[in-house]
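Every chain is numbered from 1, with letters handed out A, B, ... down the list of sequences.
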2 protein chains.
Amino acid sequence: MKGIRQLAEHLDISIGTVSRALNGKPDVNEDTRRRVLAAAEELGYVANQSGRSLRQGVTNVIGLMLEVSRETVENSDDFFLGVTDGLQSVFSRHKLDLVMLPCPDDEDPHEYLKRMVARRLVDALIISATRRTDRRIELLEKARIPFVALGRSASGGSYTWMDLDFEGVAARGVDRLVAKGHRRIAVAAPSSDINLGYIFLDSYRQALKRHGIPFDPALIIRVKSSEQGGYQAGHELLMIEERPTAIILIHELMAIGLYRRLAEAGIVPGRDLAVVGFREEPRTHFLQPSLTSFRMSLRDLGAQLGETLLATMPAYADHYPQGARNRIWPLELVPGESDAFTLTG
Amino acid sequence: MKGIRQLAEHLDISIGTVSRALNGKPDVNEDTRRRVLAAAEELGYVANQSGRSLRQGVTNVIGLMLEVSRETVENSDDFFLGVTDGLQSVFSRHKLDLVMLPCPDDEDPHEYLKRMVARRLVDALIISATRRTDRRIELLEKARIPFVALGRSASGGSYTWMDLDFEGVAARGVDRLVAKGHRRIAVAAPSSDINLGYIFLDSYRQALKRHGIPFDPALIIRVKSSEQGGYQAGHELLMIEERPTAIILIHELMAIGLYRRLAEAGIVPGRDLAVVGFREEPRTHFLQPSLTSFRMSLRDLGAQLGETLLATMPAYADHYPQGARNRIWPLELVPGESDAFTLTG
DNA sequence: CTGAAAGCGCTTACAG
DNA sequence: CTGAAAGCGCTTACAG
């Protein structure tokens, strides 16, 4: 079966009628429609997407750009797979399909995105891992393609974004630790230019200030956002002269590496050092002593992200009257044993 | 900037010449080409992919179908991200782009694939996680779309596949353990219909036979291919009446859960129980005692997979004269401490 | 070296 | 309710 023309010939009707029948248009004789549907099924006909796209001006595909850094691969980040699920639950309502666009390690993300936009194989895009300065945002604004950034950035104009509540995590982490008597609170922050690092540290500093604790740059440990990074953070923490009594982590997997390094040094979280982890994750469940961390639903985040994106698209905005508001996604503190002690003296 | 027509008008030349200039055809005046390129850059023109695809009959996009099962999400499988890297290194040579097609959890993979094929947004496909009976293979054969299966199946005709050497892992695992005096060797096998389970178990039984050891079905522990599954396997192993002295795992993450369960029971791998893990992985490196496992390069596998796929595509087959051969990907044994003892008595 | 024209496979006003 | 025709944005023989 080649195209609609062959199908129409086979049925001995016009291609227009075939098209209308297949697309569920109302002005088609029910008997005709049945015949068309049956023949299409039998001959395995389905409309060529390029033909449809060209005529209709839309692809009905949404792209999620991924940066497959070596770091991501090694840590096997579950984040995107979880979010994907939520996205699809929303997109499927409108017969939109999601494709993931993995930017190769050795290609500049900006160039990659440019090419993807140029090809127009998606109607809209989601970008993530936004950096402090992120040219992708201007690129997308200029291309006038609907998009939502998962993560804030200092770049661009008034684009739509969603982001995790990094400031809330930092603030609550500090508050909690200070309440338990800590004053030397370290932070494992990302070594990259990723924007969440700035937000997190700003909030951390403000929280300290609120409590009248002077900021000590020596307590900012720059490591990769990974299990390895957590190990490294543990290593560096042990070498700080006046050793911190607590540490707040900025990535879920850091806790695993940190625990390992601490164990090597005979240091017990929740007894010798207070540890506040980041996102609760199946793998962090097994840590002993249990980790104080923050809970969120990846799927719900994905669904919200999907709705926000659709709200930016003229064709779907009507369904999402809340509009394309920027949102900070809350995380709920889940107390564990890793910081369950009060500092005395 | 709308389309090639506007660009041509702006330059006051024909759209044919613009197209030829942009596509690097030789029969264009160099001066004309420069002008066209400059104007395209300035006005931000790029060819609409639907128009190109419709005319040329190809999309220049390759799809990698993913099944985002809850299991995959929770285990944050790094497998595909690693393979992706290798795939792209090959595809980029031909200006082909890779998109990942995540099949939603709640959708039938067969229906999903059918839709993706129908839309024709890719020129070729890679499917994975093949099951013993896998209708996707017949679907793709019938649709006459080039594809390679990552994983074997009993379905379909003479399609092209690549697969890990599960039989080799099972055979070498058994040989190694028997040489160390073991005769009751358990296997943690997948509870699903995934084809690799059949291959693995066949090879396991053959290896036992070779050594004259009777097969005991009680030693086949069916669990999920995950960290949780490994924990569960440990749990069930402890309840087997005549306890096995060794276990071979069929998934990389199982080792982590298994170690955890064993630790709870005070059983030390490499002393009380011999453990042979599956694929070596950053996370399995940290296990104590070190795990005997099998090494392979995800990136190399991806590159080979990419070349195999291109060899099945008429437009690229010339570049890959080795043809679309089926391949079993070898894994190299990396001895660890987890099975480093000899059974006496 | 360039232009005019055909046509890829669809959908959709429009006419009847 | 159906058909004939236009046209989405390209690329590519073909003619000059």
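- Counting any heavy atom pair closer than 4.0 Å across all strands shown, B/Ser53 reaches no nucleic acid atom.
- Contact of the B/Val122 side chain with the B/Val99 side chain is registered, since non-hydrogen atoms from C-beta on lie closer than 4.5 Å.
- Residue-to-nucleotide contacts include no donor-acceptor pair under 3.5 Å from the side chain of A/Arg55 to the base of D/dG9.
- Separating the CG atom of B/Leu22 from the P atom of D/dC10 is a distance of 9 Å, rounded to the nearest angstrom.
- Taking the six-membered ring for Trp and thresholds of 30 and 60 degrees, A/Tyr320 and A/His94 have ring planes more than 60 degrees apart, a perpendicular arrangement.
- Regarding B/Leu54, its CG atom lies at a distance of 9 Å from the C1' atom of C/dG7, rounded to whole Å.
- Base-pair partner of D/dA4: not found among the strands shown (Watson-Crick or G-U wobble, both distances under 3.5 Å).
- Here D/dG3 presents its P atom at 13 Å from CG of A/Leu7, a figure rounded to the nearest Å.
- Within 4.0 Å of A/Ile15, counting heavy atoms only, lies at least one base atom of the nucleic acid.
- Between A/Met116 and B/Gln49, every side-chain heavy-atom pair lies at or beyond the 4.5 Å cut-off.
- A heavy-atom distance below 4.5 Å is found between the side chains of A/Phe147 and A/Glu141.
- Checking C/dG3, D/dT11, D/dC10 against every side-chain atom of B/Asn23, the shortest atom distance belongs to D/dT11.
- Among the nucleotides C/dC8, C/dT12, D/dT2, the one closest to the side chain of A/Ser19 is C/dT12.
- As rounded to whole Å, 16 Å separates atom C1' of C/dG7 from atom CD1 of A/Ile4.
- For D/dG3, the OP1/OP2 oxygens have a side-chain nitrogen or oxygen of A/Thr17 closer than 4.0 Å.
- Put simply, CG on B/Leu121 is 16 Å from C1' on C/dG9, counting in whole angstrom units.
- Per the geometry, CZ belonging to A/Arg52 stands 20 Å off C1' belonging to D/dC10, to the nearest Å.
- Nearest to the side chain of A/Asp27, among D/dT11, C/dC10, D/dT2, sits D/dT2.
- The nucleotide D/dA13 finds no pairing partner, because no Watson-Crick or G-U wobble arrangement with both distances shorter than 3.5 Å includes it.
- Listed candidates were C/dG9, C/dT2, D/dT11. Nearest to the side chain of B/Arg20 is C/dT2.
- The side-chain heavy atoms of B/Arg131 and B/Asp134, taken from C-beta on, include a pair separated by under 4.5 Å.
- The CZ-P distance, from B/Arg5 to C/dA6, rounds to 13 Å in whole Å.
- Interface remark: the B/Arg120 side chain does not form any donor-acceptor pair with the C/dG9 base, using a distance-only criterion of under 3.5 Å.
- Residue whose closest nucleotide on DNA chain D sits further toward the 5' end, between B/Ser50 and B/Lys25: B/Ser50.
- For A/Gln56 and C/dT12, the shortest distance from a side-chain N or O to OP1 or OP2 is below 4.0 Å.
- The side chain of B/Asn29 has C/dC1 as its nearest neighbour among D/dA13, C/dC1, C/dT12.
- One can place CG of B/Asn48 at 5 Å from P of D/dC10, the figure rounded to the nearest angstrom.
- Among the protein residues, A/Gly57 comes within range of no part of the nucleic acid, since none of its heavy atoms lies under 4.0 Å from any strand.
- There is a side-chain donor-acceptor pair under 3.5 Å between B/Arg135 and B/His110.
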